[in-house]
Amino acid sequence: MHCRIHVEDLLSLILYCDFCVSVGKTLDGSIAVASAFPAHQEAVLDKDHKFLSKAIEEAYHGVDCGDGGPFGAVVVCENKVVASCHNMVLNRTDPTAHAEVTAIREACKKLGKIELSDCEIYASCEPCPMCFGAIHLSRIKRLIYGAKAEAAIAIGFDDFIADALRGTGFYQKASLEIKRADGNGAVVAEQVFEKTKQKFQMY
């Protein structure tokens, strides 16, 4: 059986986990929900609003500067902004310079590490599969986004392939041919991992 989790479901799960932090056992062994939970939830919402607003500001700023599309992202660690970036595709002539990818690159450089498991990322819009992949690979612990992909699609971003996250093919328009190399080429390529495993360690 295959299990698909949509971004909306993932965010609901994250909020549920936030709730669980406030649940504990009393001395007699019974389960008790911390009375401060509403205040905790309100604080989380206030924090999310604050940093999401900054990501939205970046989206406007990027367009005003002519750097790229209306997308912004902010990486936060311990309630402090580590990187605040916008889409830089036009500025850098780089189709991979999306706001989220740019923010992750800057955060990694500033923090001097490639694992951001103590960080959160705020994106003005639902991340595309590339950006979601970057978020996943960087081990960021929490993603909060604003607009749905449809908002971007509505103004012409019809290549916004959110299908990989959603498990649908409705907006998928890529016509990329994918083929594994034939014969010895594939075997030689696989040997790279065996021959370098003693020299390189990921973490």
Side-chain angles (χ1 to χ4, degrees), residues 5-15 17-18 43-166 171-172 174:
I5 299 180
H6 293 181
V7 173
E8 289 87 350
D9 299 327
L10 180 60
L11 291 175
S12 295
L13 179 61
I14 290 166
L15 288 175
C17 290
D18 278 341
V44 169
L45 291 174
D46 286 346
K47 182 192 76 168
D48 288 351
H49 178 75
K50 172 185 173 182
F51 293 123
L52 182 59
S53 294
K54 190 163 185 62
I56 293 168
E57 286 174 11
E58 281 286 353
Y60 281 116
H61 181 56
V63 173
D64 290 341
C65 292
D67 289 338
F71 304 95
V74 175
V75 174
V76 174
C77 183
E78 297 179 353
N79 292 328
K80 294 180 181 178
V81 174
V82 177
S84 182
C85 302
H86 51 260
N87 185 288
M88 296 288 286
V89 168
L90 298 180
N91 177 286
R92 298 181 181 175
T93 320
D94 179 0
T96 72
H98 287 197
E100 297 92 331
V101 172
T102 303
I104 288 170
R105 287 171 177 165
E106 188 172 315
C108 287
K109 186 178 292 186
K110 283 186 177 179
L111 296 174
K113 58 185 181 179
I114 60 171
E115 187 193 63
L116 304 177
S117 58
D118 54 349
C119 296
E120 301 168 294
I121 189 165
Y122 293 80
S124 64
C125 186
E126 179 179 1
C128 73
M130 177 185 72
C131 292
F132 187 79
I135 292 166
H136 174 73
L137 290 172
S138 66
R139 306 292 196 269
I140 285 175
K141 66 179 180 180
R142 191 165 178 259
L143 158 67
I144 302 88
Y145 72 90
K148 283 192 171 185
E150 282 81 1
I153 293 166
I155 66 164
F157 287 90
D158 61 351
D159 59 343
F160 199 99
I161 49 173
D163 309 334
L165 271 67
R166 298 176 172 185
Y171 297 116
Q172 193 90 34

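Residue indices begin at 1 and follow the sequence shown.
- Applying the ring-ring contact (aromatic ring centres under 6.0 Å, His included) test to pairs two or more places apart or on separate chains, none has a residue in residues 98-120.
- Legend: salt bridge (charged side-chain N to carboxylate O under 4.0 Å, His left out) pairs involving residues 78-88, not counting sequence neighbours: none detected.
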Quiz prompt | Worked check of side-chain contact (heavy atoms from CB on, under 4.5 Å) between Cys119 and Leu111 | solution = CA-CA 11 Å; Cys119 296; Leu111 296 174; 3.9 Å; yes
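- Contact of the Ile104 side chain with the Ile140 side chain is registered, since non-hydrogen atoms from C-beta on lie closer than 4.5 Å.
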Can you give me every donor-acceptor pair (side chain of residues 87-96, partner residue at least two apart or in another chain, under 3.5 Å) with its distance?
| from | atom 1 | to | atom 2 | distance (Å) |
| --- | --- | --- | --- | --- |
| Asn87 | OD1 | Gly69 | N | 3.3 |
| Asn87 | OD1 | Val89 | N | 3.0 |
| Asn91 | ND2 | Asp67 | OD1 | 3.0 |
| Asp94 | OD1 | Thr96 | N | 2.9 |
| Asp94 | OD1 | Thr96 | OG1 | 2.7 |
| Asp94 | OD2 | Thr96 | OG1 | 3.2 |
| Thr96 | OG1 | Arg105 | NH2 | 3.3 |

Scan the side chains in residues 50-61 for donor-acceptor partners under 3.5 Å anywhere in the protein, sequence neighbours excluded, and list what turns up.
| from | atom 1 | to | atom 2 | distance (Å) |
| --- | --- | --- | --- | --- |
| Ser53 | OG | His49 | O | 2.7 |
| Glu58 | OE1 | His86 | ND1 | 2.8 |
| Glu58 | OE2 | Ser84 | OG | 2.8 |

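- Here the closest heavy-atom approach between residue Arg142 and residue Tyr122 is recorded as NH1-OH, 3.6 Å.
- Contact record, Cys85 with Ala103: SG-CA, 3.6 Å, taken as the closest heavy-atom pair.
- Atom CD1 in Ile114 sits 7.5 Å away from atom SG in Cys108 (nearest 0.5 Å).
- Between Val75 and Ser138 there is no side-chain heavy-atom pair separated by less than 4.5 Å.
- For Glu106, the salt bridge (Lys or Arg N to Asp or Glu O under 4.0 Å) criterion is met by Lys110, not counting sequence neighbours.
- Residues passing the side chain to side chain donor-acceptor pair (under 3.5 Å) test with Lys109, sequence neighbours excluded: none.
- The minimum heavy-atom distance between Cys131 and Glu100, with the atom names listed, is SG-OE1, 3.3 Å.
- In this structure, the separation between SG on Cys125 and NZ on Lys148 is 11.0 Å, given to the nearest 0.5 Å.
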